[in-house]
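Worth saying up front: this structure is predicted, and the values here are computed from it rather than measured.
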Amino acid sequence: MENEGKSTISNAQSYEEMAEFWDTHSTADFENQSYEVDITFEPASLRNSVTIELELLKELRKIARDRQISTETLVNVWLRQFVDQTNLAVS
């Protein structure tokens, strides 16, 4: 993350803190602090797939729905946390 390691609106210092902040805030509340950017990317080229057991997927979907985020976002945040913790333990 740029800006001295902090998110500019949430002041988060990690993806977990950022996710927690946006779980309880709306971007509409920060329109005066946002700006338009020009970006080009091809989402299809960035996608991967992983098979998840049906019962586990159902649980993940429920948790994501309760948090009002997509299942994909939930899985990515949790995987990032796990990988970061694993890397710290190995270092």
Greater than 12 external heavy atoms within 6.0 Å of N32's CG: yes
Spatial distance of atom CZ (R67) from atom CD (E20) [nearest 0.5 Å]: 8.5 Å
Inter-residue atom distance Q33.CD - T27.OG1, 0.5 Å rounding: 11.5 Å
Interatomic spacing from CG in D84 to CD in Q81 - rounded to 0.5 Å: 8.0 Å
Partners passing side chain to side chain contact (heavy atoms under 4.5 Å, CB included) against S26 (at least two apart in sequence or in another chain): A28, D29
For L60, the rest of its hydrophobic cluster, which grows through side-chain links under 4.5 angstrom: I52, L56, L57, I63, I69, L74, V75, V77, W78, L79
Linked hydrophobic residues, Y35 as query - side chain contacts closer than 4.5 Å: V37
Aromatic ring pairing F21/H25, orientation class (parallel under 30°, perpendicular over 60°, tilted between): parallel
Pairing residues for E31 by the salt bridge (Lys or Arg N to Asp or Glu O under 4.0 Å) criterion, not counting sequence neighbours: none
Carboxylate-amine/guanidinium proximity below 4.0 Å for E55 and K58: yes
Listed partners of E72 passing side chain to side chain contact (heavy atoms under 4.5 Å, CB included), at least two apart: R47, S70, N76
Partners passing side chain to side chain contact (heavy atoms under 4.5 Å, CB included) against V83 (at least two apart in sequence or in another chain): R80, N87
